[in-house]
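Read the numbers this way: they start at 1 and go in the same order the structure lists the ligands and their atoms.
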Amino acid sequence: MIWRAIGFIGVQLLGGLCVWLALPDHTTIGALSGALVAGLAWFVVDTLRGARLLHWVRAGDASQPALTSGLWGEIAERVRRLVNIRERMTSDSQDRLNDFLGALQASPNGVVLLDHQGRIEWFNHTASQQFGLDARRDLQQYLGNLVRDPGFVAYLAGRDYSHELAMPGRDSTALRPVSLSIQLHPYGEGRLLLLSRDVTALQQAEAMRRDFVANVSHEIRTPLTVLSGFVETLQTLALTEPERERYLGTMALQAQRMQTLVKDLLTLSRLEGSPPPGLTDWVSMSSLMAELEREARELSAVLTAKAGRVLTLVFQSQYRCELSGSANELLSATSNLVSNAVRYTPPGGEVHVSVTLLPDGAVDFSVRDTGPGIAPEHIPRLTERFYRVDRSRSRDTGGTGLGLAIVKHVVQRHGAELTIASTPGQGSRFGIIFPPERVRQLG
Ligand code: ADP
């Protein structure tokens with residue numbers, strides 16, 4: 001500021017001096033006029049510089065300073081730095097806001113922000129899908145007008161947001177129900193944060209768990225009732241030796257049934273609770289086939305002895321190879337398929353078990369039978385736990401209804417594929433296709 005005053009006075013003195021020297025009579029009036037003109041000139045130049053600065057400030061371009069020297073230059077520079085700092089702060093805040101919104105956008109749960117009147121301020125992609133919201137159409141709309149489920153409307157209006165609300169999703173149908181869990185959280189000044197979760201899978205899992213417990217209880221209760229009935233009979237009645245023998249035989253059968261059920265349940269729970277088998281352990285296909293053949297002939301002999309059922313069993317392996325995976329699991333899955341074929345095929349029927357190499361290097365293990373076959377509507381449900389097409393035949397032959405569920409698990413854990421083809425009255429073919437990376441050819 002001091003330099004500005006010195007400059008102003010200096011210009012006037014210089015102007016006055018120049019005019020005083022230039023005029024022949026060297027009058028004081030002349031010197032004062034010179035000083036006045038110089039002062040005016042200084043004022044004009046200074047005003048022009050001020051106007052330039054004002055223009056620059058109005059234009060808002062802080063990249064280049066409007067002036068570089070003098071008071072106006074310093075003001076310009078300081079304004080420029082201030083604007084730059086503000087711009088950087090604004091850009092940082094914007095980046096942070098974008099990060100927050102990006103994180104909310106990536107959330108698997110629906111997020112909707114409502115203002116104090118319940119109007120939509122922002123929502124993420126998941127919420128847009130769950131409620132059918134459109135960012136161009138629905139911002140600033142009342143959420144209560146767009147989501148018309150009566151339960152939700154009452155929840156929104158009720159102002160008691162301490163509990164979650166369960167409501168059907170937008171695309172929910174009787175065949176494909178979709179369930180949402182909603183909760184509103186007040187924040188800021190009267191604003192609301194709505195969080196929504198798709199709980200369809202959770203509810204289905206819960207329903208499956210309930211069904212499973214009911215099924216297991218039912219499966220165990222039947223043999224238990226039989227067993228306890230016979231125990232009571234043995235305790236209270238004086239039986240002849242042949243009767244005693246017969247009763248004990250039935251009791252042993254029921255106990256065996258419960259044992260098989262528990263064994264299958266434990267197998268299933270092991271399959272669900274352990275990591276999938278790696279690619280390092282190799283199982284010889286010929287040993288697997290030999291074991292399957294031994295078991296199948298044993299089972300067939302038992303059935304022949306019991307019910308006079310004679311079957312033709314054919315085991316063929318055109319391809320010598322090894323499979324990578326768990327020996328126990330592979331035996332469990334393949335022997336379930338073979339034992340089903342043996343158990344369900346009527347007398348005089350045939351069961352063919354074979355291993356073939358497919359063109360892409362995969363291996364197809366298949367079990368074909370000439371049994372009763374399965375109607376197409378049952379096929380998609382066969383691998384469900386306790387699903388049986390023919391209940392009495394399954395029970396009579398010692399089935400638990402868990403065999404194909406075990407097969408499905410083992411197949412999935414080995415990256416393989418289960419194929420089922422069947423014609424009612426003609427027979428069935430169950431196949432497991434092992435991917436090439438799990439197959440090693442033997443020379
Ligand atoms: P189960 O212990 O009852 O045999 P599975 O899970 O192994 O249980 O099979 C489910 C149902 O699929 C069986 O109850 C049976 O009705 C049907 N099934 C399985 N394999 C065959 C087959 N080879 N032929 C006809 N029906 C079969």
- request: Might you confirm whether atom CZ of Arg391 has over 12 heavy atoms from other residues, nucleotides or ligands at distances under 6.0 Å?
  value: yes
query: Do any N/O atoms on Gly401 end up under 3.5 angstrom from N/O atoms on ligand 1?
result: yes
message: Within the structure, is a non-hydrogen atom of Arg343 found at a distance of less than 4.0 Å from ligand 1?
response: yes
task: Report yes or no: does Ser428 have a heavy atom closer than 4.0 Å to ligand 1?
output: yes
- request: May I ask you to identify the nearest protein heavy atom to atom 12 (O) of ligand 1, giving residue, atom name and distance to one decimal place in Å?
  value: Leu382 CD2, 3.3 Å
query: What is the closest protein heavy atom to atom 9 (O) of ligand 1, and at what distance does it sit?
result: Leu404 CD1, 3.6 Å
- request: Say whether Asp198 and Thr200, considering side chains only, have a donor N or O and an acceptor N or O under 3.5 Å apart.
  value: yes
- request: Could you tell me if the ring centre of His163 sits under 6.0 Å from that of Tyr155?
  value: yes
query: Within 45° of the axis and under 6.0 Å from the centre of the six-membered ring of Trp56, does NZ or CZ of Arg80 qualify?
result: no
- prompt: Can Asn336 be said to touch ligand 1, with heavy atoms closer than 4.0 Å?
  reply: no
- request: Do me a favour and list the nearest non-hydrogen protein atom to atom 21 (C) of ligand 1 with residue, atom name and distance?
  value: Tyr344 CD1, 3.6 Å
Among Arg438, Arg440, Gln441, side chain to side chain donor-acceptor pair (under 3.5 Å) partner for Glu322: Arg440
- prompt: Is there at least one pair of N or O atoms, one from Pro372 and one from ligand 1, spaced under 3.5 Å apart?
  reply: no
statement: When distances are taken from atom 23 (N) of ligand 1, the protein heavy atom at minimum range is Asp369 OD2, 2.8 Å
- line: Ranked by distance from atom 16 (O) of ligand 1, the top protein heavy atom is Val389 N, 3.0 Å
query: Looking only at heavy atoms, is any part of Ile374 under 4.0 Å from ligand 1, and if so is it the side chain, the backbone, or both, or is it neither?
result: side chain
task: Flag the pair Phe430 / Arg368 as yes when at least one side-chain heavy-atom distance between them is below 4.5 Å, and no otherwise.
output: no
